[in-house]
K.L.:
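My questions all concern the structure below.
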Protein chains: 2
Amino acid sequence: MASRSGRVTATDVAREAGVSQTTVSYVLNDAPHQKISESTRRKVLDAVAKLGYQPSAAARALRLGRSELVLMLLPDVPVGDSLATLVELLGDELERHRLSLITRRTQHAPVSSLWRELMPAAVLTSLGVSAEDMAGMRAAGIPVVSVEIDAATHPLGLPIHQTLIGRMQVERLAATGHTRIGYAAPRQPRLRDFLEPRLAGVRAACAELGLEAPAVLDVPLDAAAAAAAADQWHSAVPAVTGVCAYNDETAFALLAGMRRVGLSAPGDLAVIGVDNDKLAPFAVPPLTTIDNNLDILAGRVARLIVGSIADDTVSAAPQSVPVSLVVRESA
Amino acid sequence: MASRSGRVTATDVAREAGVSQTTVSYVLNDAPHQKISESTRRKVLDAVAKLGYQPSAAARALRLGRSELVLMLLPDVPVGDSLATLVELLGDELERHRLSLITRRTQHAPVSSLWRELMPAAVLTSLGVSAEDMAGMRAAGIPVVSVEIDAATHPLGLPIHQTLIGRMQVERLAATGHTRIGYAAPRQPRLRDFLEPRLAGVRAACAELGLEAPAVLDVPLDAAAAAAAADQWHSAVPAVTGVCAYNDETAFALLAGMRRVGLSAPGDLAVIGVDNDKLAPFAVPPLTTIDNNLDILAGRVARLIVGSIADDTVSAAPQSVPVSLVVRESA
DNA sequence: TTGTAAGCGTTATCAC
DNA sequence: GTGATAACGCTTACAA
């Protein structure tokens, strides 16, 4: 029976089981250093089941000084397919550990007020979190895992090798005989932070393979504009014959643009995307792309989080996440 | 200065401002029935700013009996593009009201333990939440907003007119001269609950327009399989000339399948999707589709939630969400 | 107008 | 082995 409010509390369970509330807590938390007799344990568990008791997350958080929430700070970019997928996968993964994922845009509220308020069990950052905030969180004992673009500056984070992605795109194009490479960049300035490392990888790979620097053009998500870019690449001298697209979305736009000016892939212009979008197999022609294996990343990040919550030692070995080439027909 | 833990509490602010902790609370909560002198208010706010005080969500939740979390219960289907978008938009919208959206799969944990544990400010349900859970939540005073498929059974929810979507698809095809309609259904049995009302709408519209019942075929996300379906429709007697796809994804697969067997849209087979996927303009040919205006839905749901948290009167007027036809070239 | 004090439901430190 | 008891940080009658 509930005390006076509608809620069933540990005290109610204690009363029902004929033990003290303390004992209930011991049983439920699997006795840190306590020995609970089997009979008591039974009585308590029975009472719990009978009353349908659920501990209050708020009370627990207040007492422990940290909640079971994982705060994910998102950069202020339009969340694309792949980031959305990562969030979803991560949420599922964390759910298995009784953790709830909360996402917040970095810009909407000062980051510091956010973590102070929520006392999250861990914080996941990607971009745009200030060094002070980082330090503050760490000082407060909150494990911070950063899924960063640039592995070098964040040695404790889990890197997505954006640079590697760019490299792999070029390598594929080079392997299929292309020597003059184009890069289809999205227009939104907001994406700059994501774009740059990928483009850097492309540039580096071109240099290493002895190719000319990539011809970078804006390819907005608009067929007409994409057509202009396609045309420009095609009629350059020497002509660009292979294009790395920032992502699959951009690749789709480019393919549509090419169609408008009578160009086809991979004959006139080979196109390779990034993300392995669900629709990539249905592009015309089916889109060759780089899969960043977000499911694997999600699993690793989740494990890293769970681990750093358990151990205080943030031994977060920054394992790089595999990235794979998916060959279809466009490149 | 923090008491002894690292945290800055309202008591610290009080000390700094030279007032009682109560006064701090009054000032910060904008004085329900209190009159605070301007000078005190200033002192408090200054101290808050100086110390960087942030109230503890846990303590507040414990005291108030409810947190500032909004729990969204998701059906156990692979979260597709459109549901993911809804979640994202909703999260952004709720963030503006200082609410945090938490998503959970209905199946992973018993629903009752979830809400009892989190004491959410509101719960958002879509499918697969039992009547008992509903009743339990309502009894506990938690506003429940259901974004349901079937408006009739959930008069307090906010309906997405899935049925209307199906209707509109057929109407477009009929308007462009098609009399024999096909329906491209996804294979996953998990999607049944979403599929059925749409298909029902298609059936109803066919009947009302005096057309034959739709020829329903499975169109999995596989070009080869989709090709078989396309062929079957095309060679039926009388031939199916217009197909409603379950969603844009299915439509993409179908278009790819058609290409394999030398069929083209809309000439041989007109295709109309649902979702207005970002990539729909880049389909070959550009995909005609139904936009379910999730941004509008998200806004309404958010307002409904915020409203029902404020008022206790769940006057949730179930306003239906507009759905619009986006004409491109495929149908 | 401001302060005192009683909880909200846990966990954890002691006694027994 | 088990049980009082004191926080955790906040809101809100009730006093002053």
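Reminder, nothing fancy here: chain letters follow the sequence lines and each chain counts from 1.
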K.L.:
Measure CG/A:Leu51 against P/C:dG9 and give the value in whole Å, please.
P.N.:
14 Å
K.L.:
Calculate the interatomic distance between A:Asp30 atom CG and C:dA12 atom P; express it in whole Å.
P.N.:
13 Å
K.L.:
Are the charged groups of B:Lys50 and B:Glu16 less than 4.0 angstrom apart, N to O?
P.N.:
yes
K.L.:
Starting at the 5' end of DNA chain C and moving along, which residue's nearest nucleotide shows up first, B:Ile36 or B:Leu62?
P.N.:
B:Ile36
K.L.:
What nucleotide, of D:dG3, C:dA12, C:dA5, holds the atom closest to the side chain of A:Leu64?
P.N.:
C:dA12
K.L.:
Is the shortest side-chain N/O distance from B:Thr23 to OP1 or OP2 of C:dG3 below 4.0 Å?
P.N.:
yes
K.L.:
Taking N and O atoms by type only, does the side chain of A:Tyr53 place a donor or acceptor under 3.5 Å from a partner on the base of C:dG9?
P.N.:
no
K.L.:
Just one of B:Val24, B:Leu45, B:Thr23 clears the side chain to side chain contact (heavy atoms under 4.5 Å, CB included) bar with B:Val13, so which one?
P.N.:
B:Val24
K.L.:
Given D:dC10, D:dG3, C:dT10, identify the nucleotide with an atom nearest to the side chain of A:Val19.
P.N.:
D:dG3
K.L.:
Any chance you could measure A:Leu297, atom CG, to A:Thr85, atom OG1, to the nearest 0.5 Å?
P.N.:
11.5 Å
K.L.:
Measure from CZ on B:Arg66 to P on C:dG9 and round the result to the nearest Å.
P.N.:
15 Å
K.L.:
Could you state the atom-to-atom distance from CD of A:Gln21 to C1' of D:dA7 in whole Å?
P.N.:
13 Å
K.L.:
Using whole Å, what does the distance between atom C1' of nucleotide D:dT2 and atom CZ of A:Arg42 come to?
P.N.:
19 Å
K.L.:
Could you tell me the separation between the CZ atom of B:Arg66 and the CD1 atom of B:Ile309, rounded to the nearest 0.5 Å?
P.N.:
7.0 Å
K.L.:
Nearest to the side chain of A:Ala10, heavy atoms from C-beta on, is which of D:dG3, C:dT10, D:dC10?
P.N.:
C:dT10
K.L.:
Answer yes or no: is there an ion pair linking A:Asp46 with A:Lys43, defined by an N-O contact shorter than 4.0 Å?
P.N.:
no
K.L.:
List the atom of B:Gly52, the atom of A:Arg116, and the distance in Å for their closest heavy-atom pair.
P.N.:
O-CD, 3.9 Å
K.L.:
From D:dC10, C:dG9, C:dT13, pick the nucleotide closest to the side chain of B:Pro55?
P.N.:
D:dC10
K.L.:
Round to a whole Å and report the spacing from CE of B:Met119 to C1' of C:dC8.
P.N.:
8 Å
K.L.:
Is A:Gln54 touching bases, backbone alone, or none of the nucleic acid, heavy atoms closer than 4.0 Å?
P.N.:
sugar-phosphate
K.L.:
Given C:dG3, C:dT1, D:dC10, identify the nucleotide with an atom nearest to the side chain of B:Thr40.
P.N.:
C:dT1
K.L.:
Using atom CD of B:Glu38 as one end and atom C1' of C:dT2 as the other, report the distance to the nearest whole Å.
P.N.:
16 Å
K.L.:
Just how far, in rounded Å, is C1' of D:dC10 from CZ of A:Arg116?
P.N.:
18 Å
K.L.:
Among the candidates D:dC10, D:dA4, C:dG3, find the nucleotide nearest to the side-chain atoms of A:Ser20.
P.N.:
D:dA4
K.L.:
Kindly point out which of D:dG9, C:dT13, D:dT12 is positioned nearest to the side chain of A:Tyr26?
P.N.:
C:dT13
K.L.:
Of B:Thr22 and B:Ala59, whose nearest nucleotide on DNA chain C comes first from the 5' end?
P.N.:
B:Thr22
K.L.:
Checking contacts here: which listed nucleotide (C:dT10, D:dC8, D:dG1) is nearest the side-chain heavy atoms of A:Arg60?
P.N.:
C:dT10
K.L.:
Please determine if a side-chain N or O atom of A:Ser37 lies less than 4.0 Å away from the OP1 or OP2 oxygen of D:dT2.
P.N.:
yes
